[in-house]
2 protein chains.
Amino acid sequence: MSTKSSPRAPRRPRTASPNRRERASDLRTAGAAAAPTFKPIHTRRTFEEICERIREQLALGVLKPGDKLPAERELAQQLGVSRNVLREALRSLEMAGVLKLQKGVKGGAFIQQGDTRRMNEVMRDMLSLGTISVRELSEARVHVLDLVVQLACANARRADLDALEANIERTELATREGRLLDRVECSREFYKLLAASTGNKVIAMIVDSVTEIHMRFVYAKVASSGVAMARLTEKRRQFLAALSERDVALASRLLRSHLESVQRMLEQDPGAMSLHVALADVQPGMRR
Amino acid sequence: MSTKSSPRAPRRPRTASPNRRERASDLRTAGAAAAPTFKPIHTRRTFEEICERIREQLALGVLKPGDKLPAERELAQQLGVSRNVLREALRSLEMAGVLKLQKGVKGGAFIQQGDTRRMNEVMRDMLSLGTISVRELSEARVHVLDLVVQLACANARRADLDALEANIERTELATREGRLLDRVECSREFYKLLAASTGNKVIAMIVDSVTEIHMRFVYAKVASSGVAMARLTEKRRQFLAALSERDVALASRLLRSHLESVQRMLEQDPGAMSLHVALADVQPGMRR
DNA sequence: TTCCATTGAATGGGTGATCCATTTAATAAT
DNA sequence: ATTATTAAATGGATCACCCATTCAATGGAA
């Protein structure tokens with residue numbers, strides 16, 4: 001009922017004063033009435049425009065991590081849009097890890113440090129949507145890790161090696177106490193540390209994104225079958241020794257051999273390799 | 001708890017009970033009262049929960065690319081949330097490339113094919129936010145491209161090589177006609193094709209994400225200075241020949257040498273390397 | 001019949017008002 | 001001085017609309 005009872009031409013203010021609406025329209029379709037030149041066709045949606053403006057301020061360096069945006073009500077007024085649509089934009093940016101919204105007085109929208117875990121989410125989505133396959137992901141991981149070994153041998157510092165050593169200790173403890181699932185988490189941490197030891201955060205981010213998914217499969221496998229990689233810490237120690245010696249060839253060989261054995265373990269029971277099982281639930285340490 | 005004994009009119013307009021509201025409140029306050037272990041702090045908001053549920057359906061394979069979600073009004077009712085908050089969730093998912101919203105009758109929220117360009121956006125944000133540096137990005141690009149050459153030599157197929165050949169033709173044409181900026185776009189395409197020739201979409205996605213940013217710098221440099229890489233197509237042909245011969249060593253050497261000369265060109269004028277210049281505006285072919 | 005203009009319903013896009021819940025600072029009471 | 005109360009600011013969420021776009025159904029004209 002009460003569909004538009006009037007034809008379209010005259011803007012019908014009805015009860016409310018339409019000043020806000022007109023300003024929003026300016027953003028999108030100004031001059032639609034009598035423009036002789038062709039219009040830019042696609043009516044940008046306001047929330048896209050808002051997102052873009054904020055990202056622009058970011059790229060320009062006007063906004064930096066730690067900065068606070070104006071309060072929603074005020075910012076909405078500044079932009080000439082409704083608070084609801086502004087929130088759609090802010091929410092998108094929050095999901096993208098650019099903003100963090102905090103409640104209460106002194107709250108607001110704060111620019112965040114970049115969250116590298118966002119790339120993990122991209123990988124997950126690509127996998128969920130069938131754009132990439134598990135096989136491609138595993139293959140890419142093997143190759144990237146090979147690269148990481150080279151870089152780590154070249155660049156790893158004392159602190160990096162110590163961190164890896166400490167990780168192996170934790171893994172050993174978890175093994176002795178039979179905490180198999182914790183051990184998987186240790187493994188994930190191991191690769192994260194290894195990637196960090198390259199000294200390149202881009203590489204580290206990439207490695208982490210492909211490793212996170214892989215570890216979900218391992219996790220699911222271990223959780224369901226109870227089996228676990230034998231002689232894990234022993235192999236880790238050998239690898240770390242090679243890394244410390246900057247022996248690229250040996251370290252590379254050891255890692256590749258290990259990755260292959262893990263792969264064999266996973267492929268033993270194809271059922272456990274189900275994408276859905278691995279992606280469905282969220283595990284500790286894998287949440288944003 | 002969440003039965004707010006509101007002093008005003010009881011909201012009972014809708015058929016659905018506000019169960020969603022109650023559950024959200026439960027999540028927030030459940031652990032606060034009697035939990036012996038510290039709760040995970042995180043305040044769950046409805047739109048997050050909605051996003052997660054939709055992603056869950058995706059991971060489980062219930063939703064697939066091409067599927068359509070119920071209409072906003074209906075889905076909001078099903079979930080027991082307001083339409084506005086549902087839209088916040090849908091918008092986030094749209095920005096994430098998971099959904100596409102289409103207007104009109106027969107419109108709705110459609111699950112998309114995964115958009116690999118999303119990773120580019122992650123890289124851009126990380127750079128904008130200062131989480132990664134241009135140096136790290138360039139370095140990672142060199143290493144990843146080295147890997148790509150190896151894989152391409154092993155896996156490139158006839159069609160891949162032909163596509164690269166065609167790209168070189170276009171580059172040559174653009175060079176002859178003095179369309180320098182188009183030539184930059186050709187270069188970007190070249191690396192995209194090269195990455196695709198590895199046969200691994202994960203690798204391709206990674207390469208594209210690091211190349212896109214790099215090409216913005218090149219673009220800005222070319223646009224401002226008018227200079228352009230000399231003997232570009234000649235070098236491309238040599239490289240392609242090596243690739244066709246599956247000569248990893250030669251192809252790798254040629255590419256690395258080329259990348260170094262480009263890098264030198266960029267570093268000639270540090271001013272042009274400004275992050276802000278490169279990231280600020282959006283170029284053709286680099287929009288989503 | 002065939003084709004094209006009109007219509008109307010469904011759907012996303014957007015607005016404004018209103019309320020709730022949380023947080024913090026200022027203030028009052030002890 | 002310490003603690004409890006209050007008030008204000010802010011994000012979180014809802015409701016009730018309205019607009020613009022799209023597309024199938026309808027109906028009249030060629």
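Heavy atoms only: backbone and side chains are in, while hydrogens, waters and symmetry mates are out. Lettering of chains follows the sequences in order, A, B, ..., and the numbering in each one begins at 1.
Judged by distance alone, with hydrogens and angles left aside, the side-chain atoms of A:Asn200 form a donor-acceptor pair with the main-chain N or O of B:Glu136 at under 3.5 Å. Formation of a donor-acceptor pair under 3.5 Å by the A:Asp67 side chain with backbone atoms of A:Lys64 is found in this model.
With hydrogens and angles ignored, no donor-acceptor pair under 3.5 angstrom links the side chain of A:Arg45 to the base of C:dG14. Remark: the B:Arg44 side chain and the D:dG12 base include no donor-acceptor N/O pair separated by less than 3.5 Å. Counting distance only, with no hydrogens placed and no angle test, the side-chain atoms of B:Arg83 and the base atoms of C:dG13 include a donor-acceptor pair under 3.5 Å.
We find that CZ of A:Arg73 is positioned 14 Å from P of D:dA8, with the value rounded to whole Å. A:Leu99 has its CG atom 13 Å from the C1' atom of D:dG11, to the nearest Å. What separates CD of A:Glu48 from P of C:dG12 is a distance of 16 Å, to the nearest Å. Taking atom NZ of A:Lys103 as the reference point, atom C1' of C:dA25 lies 18 Å away to the nearest angstrom. When the C1' atom of D:dT22 is taken as reference, atom NZ of B:Lys100 falls 14 Å away, rounded to whole Å. For the pair B:Leu90 CG and C:dT11 C1', the computed distance is 12 Å after rounding to whole Å. One interatomic measurement links the two molecules: CD of A:Gln102 to P of C:dT22, which rounds to 15 Å at whole-angstrom precision. Taking atom CZ of B:Phe47 as the reference point, atom C1' of D:dT14 lies 17 Å away to the nearest angstrom.
Closest to the A:Ala71 side chain, of the nucleotides D:dT14, D:dG11, C:dT23, is D:dG11. Closest to the A:Arg87 side chain, of the nucleotides D:dG11, C:dT15, C:dA25, is D:dG11.
The 5' end of DNA chain C is approached more closely, in terms of each residue's nearest nucleotide, by B:Leu101 than by the other of A:Gly104 and B:Leu101. Nearer to the 5' terminus of DNA chain C, by closest-nucleotide assignment, is the contact made by B:Glu72 (compared with the other of B:Asn84 and B:Glu72).
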TODO: Please lay out, stage by stage, how A:Arg124 and A:Glu212 fare under the test side chain to side chain contact (heavy atoms under 4.5 Å, CB included).
DONE: CA-CA 9 Å; A:Arg124 272 203 304 274; A:Glu212 194 239 4; 2.8 Å; yes
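Here the closest heavy-atom approach between residue B:Phe110 and residue B:Gly66 is recorded as CD2-O, 3.9 Å.
The phosphate of D:dC15 (OP1 or OP2) has no side-chain N or O of B:Ser82 nearer than 4.0 angstrom.
For the 3.5 Å distance criterion, the side chains of B:Glu49 and B:Thr46 fail to qualify, holding no donor opposite an acceptor.
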